[in-house]
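Report on the structure given below.
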Amino acid sequence: MPRNVTRREFDEACEAVWTEIKYQNELPRRTEDEARDVPGFLTLLRRYIRKTENAWADNPGVPQSEGLVQVPKALDGLRKVAAVAMRGMIYNGVRNRSSD
């Protein structure tokens, strides 16, 4: 059932993304041509989405509240995907949605 996201939930998700970005900031750079532009970030996102899909398919789910079942490794991957997307937005210019 669709539901609205609350500001509190949004802030908690942003904090989780921030912890991932801090982790990524400490990683050594593989090459001088790390992703910097939109196509580079889209390539990384496709790679990490595939890894997250595999994590979801290859690992058991854990029962959660409200009858949900989640795969912790897939949730970790989702956080990484969100952080890569956020970094791409920051590197390439954050744009707010227009009021249209």
Side-chain angles (χ1 to χ4, degrees):
M1 166 180 247
R3 67 177 182 84
N4 291 333
V5 173
T6 68
R7 183 60 191 217
R8 181 186 58 77
E9 290 170 322
F10 173 80
D11 290 342
E12 288 173 0
C14 285
E15 182 59 28
V17 171
W18 176 239
T19 66
E20 182 66 31
I21 287 175
K22 288 192 307 187
Y23 166 78
Q24 291 174 6
N25 282 343
E26 297 301 317
L27 295 174
R29 299 293 172 230
R30 295 174 300 119
T31 64
E32 288 301 314
D33 65 343
E34 294 282 330
R36 291 191 180 110
D37 58 7
V38 172
F41 281 103
L42 292 174
T43 298
L44 283 178
L45 286 167
R46 280 192 303 274
R47 174 172 167 36
Y48 287 113
I49 287 169
R50 282 191 309 271
K51 287 181 76 163
T52 301
E53 290 170 336
N54 291 341
W56 181 83
D58 296 340
N59 293 282
V62 177
Q64 307 290 308
S65 63
E66 301 175 10
L68 293 174
V69 176
Q70 296 292 354
V71 178
K73 288 188 178 190
L75 293 174
D76 292 342
L78 194 57
R79 183 188 62 240
K80 181 179 289 291
V81 166
V84 169
M86 182 75 76
R87 187 181 294 275
M89 288 174 58
I90 291 166
Y91 282 22
N92 290 281
V94 176
R95 294 186 52 155
N96 291 335
R97 177 174 287 284
S98 67
S99 60
D100 299 348

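Everything numeric here is computed off the predicted structure, so don't read it as measured data.
Scanning for salt bridge (charged side-chain N to carboxylate O under 4.0 Å, His left out) contacts around R29 gives an empty result, with sequence neighbours left out. In this view, R7 and D11 satisfy the salt bridge (charged side-chain N to carboxylate O under 4.0 Å, His left out) rule, not counting sequence neighbours. For Y23, the ring pair (Phe, Tyr, Trp, His ring centres under 6.0 Å) criterion is met by no residue, not counting sequence neighbours. Annotation: side chain to side chain donor-acceptor pair (under 3.5 Å) contacts of R50 (sequence neighbours excluded): none. Remark: T6 pairs with R8, E9 by the side-chain contact (heavy atoms from CB on, under 4.5 Å) rule, at least two apart or across chains. Residues passing the side chain to side chain donor-acceptor pair (under 3.5 Å) test with T19: none are found, sequence neighbours excluded. In this structure Q64 satisfies the side-chain contact (heavy atoms from CB on, under 4.5 Å) test together with V62, L68, Q70, sequence neighbours excluded.
Applying the under-4.5 Å side-chain rule to Ile, Leu, Val, Met, Phe, Trp and Tyr, the cluster around V69 consists of that residue alone. Cluster note: F10 groups with V5 through ILVMFWY side-chain heavy atoms spaced under 4.5 Å, whether in direct contact or through intervening members.
With rounding to the nearest 0.5 angstrom, the CZ atom of F41 is 11.5 Å from the CE atom of M89.
Legend: side chain to side chain donor-acceptor pair (under 3.5 Å) pairs involving residues 78-92, not counting sequence neighbours, sorted by first then second residue: E20-R79, E20-K80, Q24-R87, N25-R87, D76-R79, R87-Y91. Screening residues 52-74 for salt bridge (charged side-chain N to carboxylate O under 4.0 Å, His left out), with sequence neighbours left out, gives no hits. The ring pair (Phe, Tyr, Trp, His ring centres under 6.0 Å) analysis of residues 51-82, with sequence neighbours excluded, yields no pairs.
A35 and L44 get closest at one heavy-atom pair: CB-CD1, 3.5 Å.
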